[in-house]
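Numbers restart at 1 for each chain; the letters A, B, ... are given by sequence-line order, proteins then strands.
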Amino acid sequence: MDYAALAELLFPHIDKTPDYYETLYPARQLSPGAKVTRLGPSPTGFIHLGNLYVAFVNERLAHQSGGVFFLRIEDTDEKREVEGAVEVIISSLEYFDIRFDEGVTVNGEIGEYGPYYQRQRGSIYQCFAKELVKKGLAYPCFCSEEDLQAIRDKQEKAGENPGYYGAFAKCRNLDPDEIERNIQDGKPFVLRFRSNGDPSRSFQIVDAIRGPLTMPENFQDVVLLKQNGIPTYHFAHVVDDHLMRTTHVVRGEEWLSSLPIHVALFKALDWPLPIYCHTTVLMKMENGNKRKLSKRKDPELSLNYYRSQGYHPKAVREYLLTIINSNYEEWRLANPDSPMEEFELTIEKMSSSGTLFDLDKLNDVSKEVLVRIPDEELYDFMLSWAKAYRPELAPLFTEKKDLLLRILAIDRHGEKPRKDLVYCEQIFDYFSYFFDDYFQVEDDYPEEVDREDIKPILESYINSYNHGDDRNQWFEKIRVLAAELDYAAKPKDFKKNPELYKGHVGHVSTVIRIALMGRASSPDLWEIQQIMGEEQTLNRINKAIAAL
RNA sequence: GGCCCCAUGGUCAAGUGGUUAAGACAUCGCCCUUUCACGGCGGUAACCCGGGUUCGAGUCCCGGUGGGGUCACCA
């Protein structure tokens with residue numbers, strides 16, 4: 001039996017030719033330099049920061065070059081598929097402002113290069129599989145799991161490379177009659193690549209991030225089509241990215257070791273290679289060692305975590321940019337008010353060593369980002385966060401919009417704005433004392449103040465309180481009050497002669513601060529009182545006195 | 001274990017044969033200050049090791065070591 005006959009035997013139902021698909025998916029009409037990139041998540045229902053990193057790079061590369069960025073769902077593993085996962089992927093990416101031009105959307109697919117669900121591309125893969133069989137570059141393998149295990153055991157004992165190749169590849173040169181008999185018996189088979197690679201030979205390939213790489217040739221007869229006729233990642237990647245006219249394949253470093261397989265397949269099909277860009281993987285520190293982010297072990301790194309905590313998408317994007325391109329921070333310093341999209345990402349500047357995820361840095365970036373977001377916008381952001389993740393807070397936010405707006409404006413608009421807002425959960429906690437239902441006393445009165453002085457301080461304060469006082473009048477009264485109880489009216493006096501005083505006016509203010517908001521540190525007291533209003537202010541003080 | 005990738009302060013990293021080895025985060029100190037932040041000033045802290053090549057190596061080469069990735073009909 002010749003190869004053409006074998007191809008017919010294996011794929012009798014495939015009548016299209018490769019040319020048909022080449023014509024159906026013509027070269028894209030784009031301006032020179034435009035990059036076509038893609039994201040190919042598998043619908044396992046989990047997406048983390050590392051995935052966003054890759055998505056972001058792909059998106060920027062396409063869009064800053066006037067190219068195309070598409071979403072292809074790599075659902076070739078039915079077993080791992082999770083219901084609703086595609087929606088999670090799309091909505092997570094959308095939240096972080098990753099926009100696709102083409103591919104899968106919540107309302108179906110858009111674009112001329114589909115279908116974009118791999119499972120719907122069965123006959124396309126089979127067409128090219130058939131072509132490989134015709135060329136003698138693929139063959140059916142009838143080995144069972146047990147057969148494969150036996151091969152592995154044998155290899156392990158002999159100290160040979162594991163895998164299906166060379167002399168170990170039992171089905172590689174099966175008798176044509178036997179193949180025919182097996183097929184007629186309906187015996188299940190996988191389609192394997194007939195590799196002619198030699199592991200002792202190596203080849204060179206240029207990775208756009210890493211530069212020239214030397215890799216051994218692929219020698220494994222890898223599976224192209226599984227028993228169910230669905231391709232493996234390797235085959236799907238090669239066929240799809242060729243037919244979808246991808247120019248740059250940006251993917252995680254974990255794919256580097258299977259690159260020889262992909263190169264061999266492109267060669268077997270006589271197709272040009274895309275430009276490969278293997279990014280560094282995001283790592284996490286564990287027990288003093290770095291480790292790749294894992295979906296199972298690191299739920300706190302899932303995109304949903306950041307979303308539910310209320311991190312602003314811009315903050316996460318900006319953080320990612322700082323680790324994607326090392327010159328980004330420099331650019332940001334020089335262009336504090338420019339949208340980050342104006343920064344041009346360069347592949348060459350991307351790091352190739354494992355990057356540790358740094359929450360401190362994310363938080364710092366977030367502070368800088370939030371301080372530039374207008375109050376009204378920040379309010380809207382917090383409201384939509386509350387609706388999604390803290391529904392019990394949403395009515396409060398809606399009802400007290402004016403109050404929230406004043407709170408969010410505290411000290412954010414001067415020459416040196418406060419930068420203490422990081423993410424919604426934290427922001428709400430930070431200002432929770434404004435709301436009676438969430439107010440609680442968290443700190444003790446300062447130890448510099450005698451316990452028996454606390455009541456007189458608060459009583460004296462409330463007696464002289466005038467809500468109409470301006471900041472200076474108000475603080476002058478506290479100075480007087482402090483002095484009457486033998487506390488220094490000016491901290492410097494106390495520092496100079498600590499033996500002359502019980503403490504200083506700062507300690508006295510802290511007593512008031514704790515009575516008012518239950519904590520020893522906060523933005524300006526007077527301003528907070530003005531926002532709270534006279535009634536709530538006096539109430540808090542009175543309650544504190546009563547609690548003594 | 002085989003193969004591949006990677007290696008500058010605690011973290012992210014500039015650096016492409018000659019630099020007092022940038023900067024940011026974190027950390028510490030001081031100043032500002034009624035608290036906390038903000039801001040300002042300053043400090044601690046790094047080229048994994050060993051061989052080469054070179055007048056000269058963080059930078060190039062080789063060998064170790066360390067870390068990571070990968071070895072599926074998963075992606």
Hey, which sits more toward the 5' end of RNA chain B by its nearest nucleotide, A/T280 or A/G163?
-> A/T280
Side chain of A/R80 only, please: which of B/rU34, B/rA24, B/rA75 is the nearest?
-> B/rA75
Starting at the 5' end of nucleotides 4-11 of chain B, put B wherever the base has a protein heavy atom under 4.0 Å, S where only the sugar-phosphate does, and a dash everywhere else.
-> SSSS---S
In whole angstroms, the gap separating C1' of B/rC30 from NZ of A/K492 amounts to 13 Å
Watson-Crick and G-U pairing of RNA chain B written in dot-bracket, each distance under 3.5 angstrom, with | for inter-strand partners = ((((((((.[[[..)..(....]]].(((((.......)))))....[[[[[..)....]]]]])))))))....
Between B/rU34 (P) and A/Q529 (CD): distance, integer Å | 16 Å
How long is the line joining CD1 of A/I205 and P of B/rC3, in whole Å?
-> 20 Å
Could you check which residues of residues 415-432 of chain A get a heavy atom under 4.0 Å from RNA chain B? Sort them by number, please.
-> A/K416, A/P417, A/R418, A/K419, A/D420
With a 4.0 Å cut-off on heavy atoms, is A/W474 in touch with a base, just the backbone sugar-phosphate, or nothing at all?
-> base
Is A/K502 reaching over with its side chain to a backbone N or O of A/E448, donor-acceptor style, under 3.5 angstrom?
-> no
From B/rG68, B/rA75, B/rC25, pick the nucleotide closest to the side chain of A/Y233?
-> B/rA75
From the options B/rG68, B/rC73, B/rU34, select the nucleotide whose nearest atom is closest to the side chain of A/R192.
-> B/rC73
Would you indicate what A/V190 reaches in the nucleic acid, counting non-hydrogen atoms under 4.0 angstrom: base, sugar-phosphate, or nothing?
-> base
Out of curiosity, A/S432 OG to A/Q440 CD, how far, rounded to the nearest 0.5 Å?
-> 7.0 Å
Take the protein atom CG of A/D364 and the nucleotide atom P of B/rA13, then report the distance between them rounded to whole Å.
-> 16 Å
Does OP1 or OP2 of B/rC74 have a side-chain N or O of A/K226 closer than 4.0 Å?
-> yes
Roughly how far, to the nearest 0.5 Å, is OG1 of A/T279 from CH2 of A/W255?
-> 12.5 Å
Assign A/E74 to base, sugar-phosphate, or nothing according to its heavy-atom contacts below 4.0 angstrom with the strands shown.
-> sugar-phosphate
Between A/K490 (NZ) and B/rU33 (P), how many Å, whole number?
-> 11 Å
Measure distances between side-chain N and O atoms of A/R513 and base N and O atoms of B/rU34, and say whether any donor-acceptor pair falls under 3.5 Å.
-> yes
Nearest-nucleotide pick for A/T510, side chain only, options being B/rC74, B/rU35, B/rA14 | B/rU35
Rounded to whole angstroms, how far apart are CZ on A/R519 and P on B/rU34?
-> 22 Å
Taken to the nearest whole Å, CE/A/M350 to P/B/rA13 is 10 Å
With heavy atoms under 4.0 Å as the rule, sort A/D524 into base, sugar-phosphate or nothing.
-> base
Can a side chain N or O of A/K349 be found less than 4.0 Å away from OP1 or OP2 on B/rG15?
-> yes
In whole angstrom, what separates A/E254's CD from B/rC71's C1'?
-> 14 Å
Does A/S509 make a side-chain donor-acceptor contact with the base of B/rU34, cut-off 3.5 Å?
-> yes
Do the side-chain N or O atoms of A/T76 get closer than 4.0 angstrom to the phosphate oxygens (OP1, OP2) of B/rA75?
-> yes
Evaluation steps, side-chain contact (heavy atoms from CB on, under 4.5 Å), between A/F343 and A/N325 | CA-CA 10 Å; A/F343 172 78; A/N325 259 192; 3.7 Å; yes
Check every atom of B/rG15, B/rU34, B/rC36 against the side chain of A/S521 and return the nucleotide holding the closest atom.
-> B/rC36
Which is true for A/S326 with a 4.0 Å heavy-atom rule: it touches a base, it touches only sugar-phosphate, or it touches nothing?
-> sugar-phosphate
When you measure from the side chain of A/H234, which nucleotide among B/rA75, B/rU34, B/rC25 comes out closest?
-> B/rA75
Which part of the nucleic acid does A/S351 contact within heavy-atom distance under 4.0 Å: base, sugar-phosphate only, or nothing?
-> sugar-phosphate
